[in-house]
S.K.: 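Attaching a single structure in C-alpha coordinates format; questions to follow.
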Amino acid sequence: MLMTIADEFTNRWPLHGDPLRFTAAAAALRAGDAEQIFGTRFPGEYVMSSVARLLEALAHKIRERADLGYEVVSAATELAEHAL
(Lines give C-alpha, C1' and ligand atoms only; values in the text may rest on other atoms or scores of the structure.)
Protein backbone atom coordinates (compact mmCIF):
# COMPACT_ATOMS: atom_id res chain seq x y z
CA MET A 1 0.00 0.00 0.00
CA LEU A 2 1.40 3.37 -1.04
CA MET A 3 1.03 6.13 1.58
CA THR A 4 1.11 9.77 0.60
CA ILE A 5 2.42 12.59 2.74
CA ALA A 6 -1.18 13.67 3.40
CA ASP A 7 -1.98 10.18 4.72
CA GLU A 8 1.03 10.31 7.00
CA PHE A 9 -0.15 13.53 8.63
CA THR A 10 -3.85 12.67 8.88
CA ASN A 11 -3.22 9.33 10.60
CA ARG A 12 -1.22 10.82 13.46
CA TRP A 13 -2.44 11.28 16.98
CA PRO A 14 -2.05 14.88 18.13
CA LEU A 15 0.49 15.44 20.90
CA HIS A 16 -0.40 18.08 23.45
CA GLY A 17 2.52 19.69 25.23
CA ASP A 18 2.48 21.27 28.66
CA PRO A 19 2.24 25.06 28.21
CA LEU A 20 3.13 25.67 31.87
CA ARG A 21 6.34 23.67 31.44
CA PHE A 22 7.23 25.59 28.26
CA THR A 23 6.62 28.93 30.01
CA ALA A 24 8.71 27.86 33.01
CA ALA A 25 11.55 26.80 30.70
CA ALA A 26 11.36 30.14 28.89
CA ALA A 27 11.65 31.95 32.22
CA ALA A 28 14.63 29.79 33.19
CA LEU A 29 16.35 30.60 29.89
CA ARG A 30 15.71 34.32 30.32
CA ALA A 31 17.17 34.21 33.83
CA GLY A 32 20.13 32.04 32.81
CA ASP A 33 23.69 33.21 32.40
CA ALA A 34 24.65 32.85 28.75
CA GLU A 35 28.32 33.31 29.53
CA GLN A 36 28.27 30.43 32.01
CA ILE A 37 26.32 28.15 29.63
CA PHE A 38 28.01 28.99 26.32
CA GLY A 39 31.35 30.34 27.55
CA THR A 40 30.58 33.70 25.97
CA ARG A 41 27.81 36.21 26.29
CA PHE A 42 27.21 36.54 22.55
CA PRO A 43 25.64 34.78 20.63
CA GLY A 44 24.47 32.70 23.60
CA GLU A 45 22.35 35.53 24.94
CA TYR A 46 20.51 35.77 21.62
CA VAL A 47 20.08 32.02 21.37
CA MET A 48 18.62 31.79 24.86
CA SER A 49 16.17 34.65 24.33
CA SER A 50 15.14 33.27 20.92
CA VAL A 51 14.47 29.80 22.32
CA ALA A 52 12.55 31.41 25.20
CA ARG A 53 10.37 33.31 22.71
CA LEU A 54 9.79 30.12 20.72
CA LEU A 55 8.71 28.19 23.82
CA GLU A 56 6.35 31.00 24.87
CA ALA A 57 4.82 31.12 21.37
CA LEU A 58 4.25 27.36 21.40
CA ALA A 59 2.71 27.54 24.87
CA HIS A 60 0.35 30.25 23.60
CA LYS A 61 -0.69 28.13 20.60
CA ILE A 62 -1.26 25.08 22.81
CA ARG A 63 -3.52 27.15 25.08
CA GLU A 64 -5.50 28.15 21.96
CA ARG A 65 -5.86 24.42 21.19
CA ALA A 66 -3.95 24.79 17.93
CA ASP A 67 -2.95 21.48 16.40
CA LEU A 68 0.82 21.57 16.37
CA GLY A 69 2.66 18.73 14.74
CA TYR A 70 4.19 15.93 16.76
CA GLU A 71 7.72 16.98 15.82
CA VAL A 72 7.13 20.58 16.94
CA VAL A 73 5.72 19.68 20.34
CA SER A 74 8.25 16.90 20.86
CA ALA A 75 11.16 19.23 20.11
CA ALA A 76 9.75 21.94 22.36
CA THR A 77 9.29 19.43 25.16
CA GLU A 78 12.92 18.34 24.82
CA LEU A 79 14.08 21.97 24.88
CA ALA A 80 11.98 22.69 27.95
CA GLU A 81 13.32 19.66 29.79
CA HIS A 82 16.93 20.63 29.02
CA ALA A 83 16.29 24.20 30.17
CA LEU A 84 14.73 23.06 33.43
Side-chain angles (χ1 to χ4, degrees):
M1 179 177 173
L2 182 64
M3 288 186 72
T4 66
I5 292 175
D7 292 332
E8 181 182 344
F9 289 116
T10 56
N11 290 328
R12 289 186 174 179
W13 289 91
L15 176 68
H16 303 288
D18 183 355
L20 294 176
R21 196 88 172 138
F22 292 174
T23 304
L29 285 169
R30 289 187 192 287
D33 181 10
E35 195 165 352
Q36 183 180 12
I37 294 169
F38 294 104
T40 180
R41 184 173 176 167
F42 300 104
E45 185 175 288
Y46 295 118
V47 171
M48 289 170 62
S49 70
S50 297
V51 171
R53 289 183 62 206
L54 176 64
L55 289 171
E56 289 169 343
L58 289 171
H60 178 74
K61 287 296 182 186
I62 289 170
R63 286 188 191 106
E64 289 180 341
R65 305 267 187 235
D67 185 17
L68 301 171
Y70 174 84
E71 291 84 2
V72 172
V73 177
S74 177
T77 300
E78 282 184 39
L79 282 170
E81 293 307 313
H82 285 295
L84 295 173

S.K.: For Ala26 and Ala52, work out which heavy atoms get closest and say how close.
M.R.: CB-O, 3.5 Å
S.K.: To check you understand the geometry: which heavy-atom pair defines the closest contact between Asp33 and Met48, and what is its length?
M.R.: N-CE, 4.2 Å
S.K.: If the condition is side-chain contact (heavy atoms from CB on, under 4.5 Å), which residues does Ala76 pass it with, not counting sequence neighbours?
M.R.: Phe22, Leu55, Leu58
S.K.: Could you pull out the closest heavy-atom pair between Ala80 and Ala25, with the gap in Å?
M.R.: CA-CB, 3.5 Å
S.K.: Taking Ile62 as the fixed residue, which of Leu68, Asp67, Asp18 is the one that meets the side-chain contact (heavy atoms from CB on, under 4.5 Å) rule?
M.R.: Leu68
S.K.: Please assess Arg63 against Leu20 for the test side chain to side chain contact (heavy atoms under 4.5 Å, CB included), listing each intermediate value before the final yes or no.
M.R.: CA-CA 10 Å; Arg63 286 188 191 106; Leu20 294 176; 4.3 Å; yes
S.K.: How close do Ala28 and Ala83 get, counting heavy atoms only, and between which atoms?
M.R.: CB-O, 4.0 Å
S.K.: Listed by chain and number, what are the salt bridge (charged side-chain N to carboxylate O under 4.0 Å, His left out) partners of Glu78, not counting sequence neighbours?
M.R.: none
S.K.: Nearest 0.5 Å, what's the CG-OG distance between Leu79 and Ser74?
M.R.: 10.0 Å
S.K.: Measuring only between side-chain heavy atoms, which start at C-beta, is Val72 closer than 4.5 Å to Lys61?
M.R.: no
S.K.: Listed by chain and number, what are the side-chain hydrogen bond (donor to acceptor under 3.5 Å, both in side chains) partners of Arg30, not counting sequence neighbours?
M.R.: Glu56
